[in-house]
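For reference, the structure discussed in these notes is given below.
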Amino acid sequence: MGRSRVADAMEDTQLGMGAQLLAHAHELLPHSPAGELKFLAERLTEALQDALRVAHSRGLRLDRLD
């Protein structure tokens, strides 16, 4: 599998996990105790970091194509 396919697969996985986490957040937020909110905030932060990493990586790849 080429590098771009591996990157695409990783991106799909990370975005899928982020979507699942966001759906969970929508269910959890209205009735959450503080400990669960902290855990959720930590996971959402990790998902955002992954999404930004993917976006940055894509930008670097696109720059190389120009």
Side-chain angles (χ1 to χ4, degrees):
M1 186 181 286
R3 278 189 182 170
S4 64
R5 289 186 190 203
V6 170
D8 289 344
M10 180 174 265
E11 177 182 353
D12 287 343
T13 299
Q14 289 171 330
L15 292 175
M17 290 171 54
Q20 289 175 352
L21 185 58
L22 187 56
H24 181 64
H26 283 292
E27 293 172 12
L28 190 66
L29 284 174
H31 313 287
S32 296
E36 289 182 23
L37 289 176
K38 182 180 184 308
F39 179 80
L40 179 61
E42 290 169 348
R43 300 298 77 78
L44 287 169
T45 299
E46 290 169 359
L48 180 56
Q49 287 173 333
D50 288 343
L52 291 173
R53 188 178 309 113
V54 167
H56 179 73
S57 176
R58 284 234 177 242
L60 292 176
R61 287 194 345 225
L62 290 175
D63 285 345
R64 283 186 229 139
L65 294 174
D66 290 340

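Worth saying up front: this structure is predicted, and the values here are computed from it rather than measured.
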Query raised in the report: Between A47 and G18, what is the shortest heavy-atom contact and its length?
Result: CB-CA, 4.2 Å

Donor-acceptor contacts, no H, no angles, side chain residues 24-42, under 3.5 Å, sequence neighbours left out:
{"from": "S32", "atom 1": "OG", "to": "L28", "atom 2": "O", "distance (Å)": "2.3"}
{"from": "K38", "atom 1": "NZ", "to": "E42", "atom 2": "OE2", "distance (Å)": "2.3"}

Requested in this report: Can you tell me which residue pairs pass the side-chain hydrogen bond (donor to acceptor under 3.5 Å, both in side chains) test with a partner in residues 45-54, sequence neighbours excluded?
Outcome: R43-E46, D50-R53

**Report entry** For L48, the rest of its hydrophobic cluster, which grows through side-chain links under 4.5 angstrom
**Finding:** L52

